[in-house]
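A quick write-up on the structure given underneath.
Counting begins at 1 with the first residue of the sequence. In each ligand, atom 1 is the first atom listed, and ligand 1 is the first ligand listed.
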Amino acid sequence: MNGHAHSRRTVLTTGAAVAGAALGTAALASCSGGGPGQGGQSQPAPKGARLAGLDEVPIGTARPVTTPDGHKIIISRRSENEVAGFSAVCTHQGCTVAPEPEQLRCPCHNSLFDKFTGAVRGGPADAPLRPINVAIEGDDIVTA
Ligand code: FES
């Protein structure tokens, strides 16, 4: 008898289970569909990472914070629900800028930056601080 037994195939379970269970799933973008279309901004932390409590950044002020992955940034609050974020790395030679009541100042050569826009206001730096996307989420300011 030379009957062909049905050759049974062993079903191999392929490892498709490595789906990215992202750590930060909190950030829900409200704009689905269209691409964000923002070039040139690299985020230092996953979206939704808490940077500070809202009450730690009173309206009209800026505050230095360190992101969970160790980047120094400045967050500022222009109004009740308007926040902005910038890399604290001076665009002149890379020192760390610090908030003053009226602006951000680099201690190395006195470059000045607008605390709400990151624009250069004076000094040797000729490029604005790199923007960091931040947002208000509940009572916190988070990366966005
Ligand atoms: Fe900031 Fe020179 S490094 S002003």
Heavy-atom nearest neighbour in the protein, as seen from atom 4 (S) of ligand 1, with distance rounded to 0.1 Å: S111 OG, 3.2 Å
S111 side chain vs A125 backbone, donor-acceptor pair below 3.5 Å: yes
Any donor-acceptor pair under 3.5 Å from T91 side chain to L129 backbone: no
E82/R77 ion pair, N-O < 4.0 Å: no
Closest approach to atom 2 (Fe) of ligand 1 by H109, given as the N, O or S atom name: ND1
Exam field: side chain K115 to backbone R78, donor-acceptor pair closer than 3.5 Å: no
Transitive ILVMFWY side-chain link V142 to I136, under 4.5 Å: no
H92 backbone or side-chain N/O/S under 2.8 Å from atom 1 (Fe) of ligand 1: no
Per-atom contacts of ligand 1 with Q93, taking only distances under 4.0 Å to non-hydrogen atoms: 3 (S)
Residue C106, metal atom 1 (Fe) of ligand 1, N/O/S under 2.8 Å: yes
Under 4.0 Å to a heavy atom of C95 - the qualifying atoms of ligand 1, by number: 3 (S)
